[in-house]
Amino acid sequence: MVTNHRNSMIFSNSLIEVAKLLGNTAYIFELNYNQSVQVERRRLLTLIEEENIEIVLFLNDFRFDNHSFFITKELADRVDCRLWIWDTMYDINTLGKHIKLYSKIYSFEIQDVKELQQQYSIKSKYMPLFAGPEFYDSPRNDGDLQDIDIFFIGTIAGSKKRLAILETVAKVAYEKGYKMVVFGRAWHDHHWHQRIIGKLKFSMKYPYLAKCIENRVLLPKDVISYYKRAKINLNIHVEGQTCYNCRTFEVMGNHNFLLSDAQDICDLKMQAGIHFDVYHDEIEIAQKVQYYMNYCKERNKIAHEGGKLISSEYNLVYSLACILAKE
């Protein structure tokens, strides 16, 4: 499985574990962007030869700084190359002939599927990025400690949508006395002066969010714990996404309550108000946060129904079984 450092750090253990459950041996090939694309291609070809690999799954259509796409005809002739798009293909209009080197293409974004068909006559399939076993194998019980009222984790810097929604909710939390916890990169902090100046500037622009944000990320095992500790887990998709992201399934899998911005449900069986709930704007999220803080039983009922659905039908085992199936 070919991926970058960020995705490798987050998903490697789950991917290897699930592949093993399916009776396959998986190797994670983490691209080194400090090397040239030629060096990295040779390194992958060596691994393919040494381990007699039959399928290479690209977890995004990677390209290097010189705009060279990683996949080549040499690779495609040597091994069955398949693509699972994990990030929206914003540059879909500039794809080259290389896109046809993949034997199968899957995407978590239905718009990619439509555009590939319309522009390149390539038939691909919608496949969400479901969560690995660790996100659904230890369901939360109603009696478990929930010492956080509202929780969010994700990339914040550069997303006006996320910043606006989080500031709105943080203001409600401050006024109502809710405990809100947010993790995510919001300003540079490589040096001490960046930490001080960055936090000061952020506080001036987002005074309520600044009270509850930690300018850092968490390891997957810690994220799982925070999901369980939170009464309300927020999901805010980044600009350009139209389908439900991986965090949707990560949160819901262990019977945690999710409040997400509404996306295209596609063919998923999830129903708002039954398995999770949705909002459409800042006014509605402010209202629903207060509503679910007041109605614990309804919140827990929805969380358990969502957890049962995700753990039984929408998990990484299902995804990889479909993607790695042999002809």
Side-chain angles (χ1 to χ4, degrees), residues 14 128-154 165-166 168-184 212 214 218 220-237 244-263 265 268-318:
S14 293
L129 177 52
F130 298 133
E134 70 269 33
F135 286 96
Y136 59 81
D137 63 3
S138 57
R140 180 186 63 83
N141 296 310
D142 288 350
D144 292 347
L145 174 67
Q146 288 192 300
D147 58 339
I148 298 171
D149 295 320
I150 306 161
F151 178 68
F152 175 82
I153 183 170
I165 291 172
L166 287 172
T168 294
V169 177
K171 184 175 186 292
V172 172
Y174 177 78
E175 292 173 346
K176 298 293 182 179
Y178 303 149
K179 181 179 179 180
M180 181 172 174
V181 176
V182 175
F183 284 95
C212 53
E214 292 281 344
L218 296 172
K221 63 180 180 65
D222 297 321
V223 173
I224 293 170
S225 173
Y226 272 90
Y227 287 158
K228 290 183 176 182
R229 289 171 56 190
K231 296 169 185 172
I232 298 174
N233 287 279
L234 299 181
N235 192 15
I236 311 169
H237 293 80
Y244 286 99
N245 59 15
C246 183
R247 181 158 293 110
T248 306
F249 309 100
E250 286 183 358
V251 171
M252 295 170 64
N254 272 332
H255 297 222
N256 305 305
F257 179 76
L258 176 72
L259 181 58
S260 175
D261 51 333
Q263 299 288 96
I265 203 70
L268 299 173
K269 297 178 183 177
M270 303 187 315
Q271 296 182 56
I274 296 178
H275 304 105
F276 71 127
D277 209 352
V278 301
Y279 61 90
H280 297 84
D281 52 40
E282 294 172 39
I283 294 175
E284 189 174 16
I285 191 174
Q287 294 172 340
K288 288 199 171 182
V289 162
Q290 294 175 76
Y291 176 83
Y292 283 112
M293 283 299 299
N294 291 329
Y295 291 92
C296 175
K297 288 184 178 179
E298 184 174 353
R299 189 180 70 229
N300 281 326
K301 181 181 178 182
I302 291 173
H304 291 311
E305 289 300 315
K308 287 186 286 187
L309 175 66
I310 299 305
S311 60
S312 63
E313 297 196 36
Y314 298 137
N315 55 69
L316 195 56
V317 176
Y318 169 80

Quick one: does any side-chain atom of Asn141 pair with a main-chain N or O of Gly143 as donor and acceptor, under 3.5 Å?
no
Nearest 0.5 Å please: distance from the CD1 atom of Ile236 over to the CD1 atom of Ile165.
5.0 Å
Any side-chain heavy-atom pair from Asp142 and His304 closer than 4.5 angstrom?
yes
For a side chain to side chain contact (heavy atoms under 4.5 Å, CB included) check, start with the C-alpha distance between His275 and Ile310, then their side-chain angles and the critical distance, and finish with the verdict.
CA-CA 9 Å; His275 304 105; Ile310 299 305; over 6 Å; no
Is a side-chain N or O of Arg247 found less than 3.5 angstrom from the main chain of Asn235, in a donor-acceptor match?
no
When rounded to the nearest 0.5 Å, the distance separating OG of Ser225 from CD1 of Ile148 is 8.0 Å
Check: Gln146 side chain, Arg229 main-chain N or O, donor-acceptor pair, under 3.5 Å:
no
Evaluate the side chain to side chain contact (heavy atoms under 4.5 Å, CB included) criterion for residues Asn315 and Phe249: first the C-alpha distance (whole Å), next the side-chain angles of each, then the deciding distance (0.1 Å), finally the verdict.
CA-CA 8 Å; Asn315 55 69; Phe249 309 100; over 6 Å; no
Given salt bridge (charged side-chain N to carboxylate O under 4.0 Å, His left out), test Lys171 with Glu175 step by step and report yes or no.
CA-CA 6 Å; Lys171 184 175 186 292; Glu175 292 173 346; 2.6 Å; yes
Counterpart residues, side chain to side chain contact (heavy atoms under 4.5 Å, CB included), relative to Asp261 (two or more places apart):
Lys161, His237, Gln263, Tyr279
With rounding to the nearest 0.5 Å, note down the distance linking CZ in Phe130 to CE in Met252.
11.0 Å
With heavy-atom distances below 4.5 Å as the criterion, would you say the side chains of Leu166 and Leu234 are in contact?
yes
NZ-CD1 distance between Lys301 and Ile274, expressed to the nearest 0.5 angstrom
9.0 Å
Do Lys288 and Asp277 sit within salt-bridge range, that is, some charged N less than 4.0 Å from a carboxylate O?
yes
Does some side-chain heavy atom of Tyr178 sit less than 4.5 Å from a side-chain heavy atom of Gln290?
yes
Just to verify, what does Leu218 make a side chain to side chain contact (heavy atoms under 4.5 Å, CB included) with, not counting sequence neighbours?
Phe151, Ile153, Phe183, Arg216, Asp222, Val223, Tyr226
Test salt bridge (charged side-chain N to carboxylate O under 4.0 Å, His left out) on Asp149 and Lys179; report intermediate values, then the result.
CA-CA 5 Å; Asp149 295 320; Lys179 181 179 179 180; over 6 Å; no
Assert yes or no for the condition that the ring centre distance of Tyr314 to Tyr318 is strictly below 6.0 Å.
no
Kindly indicate whether the side chain of Ile224, heavy atoms from C-beta on, has any atom under 4.5 Å from the side chain of Phe135.
yes
Side-chain donor or acceptor of Lys176 paired with backbone N/O of Met293 under 3.5 Å:
no
Centroid-to-centroid, Tyr244 to Phe276, below 6.0 Å?
yes
Tell me which pairs pass salt bridge (charged side-chain N to carboxylate O under 4.0 Å, His left out) where either residue lies in residues 128-139, with sequence neighbours left out.
none
Check: Phe257 and Leu259 side chains under 4.5 Å, non-hydrogen atoms
yes
Do Lys228 and His255 have side chains that get closer than 4.5 Å, going by heavy atoms?
no
Has the side chain of Asn254 got a donor or acceptor atom that lies under 3.5 Å from a matching backbone atom of Arg140?
no
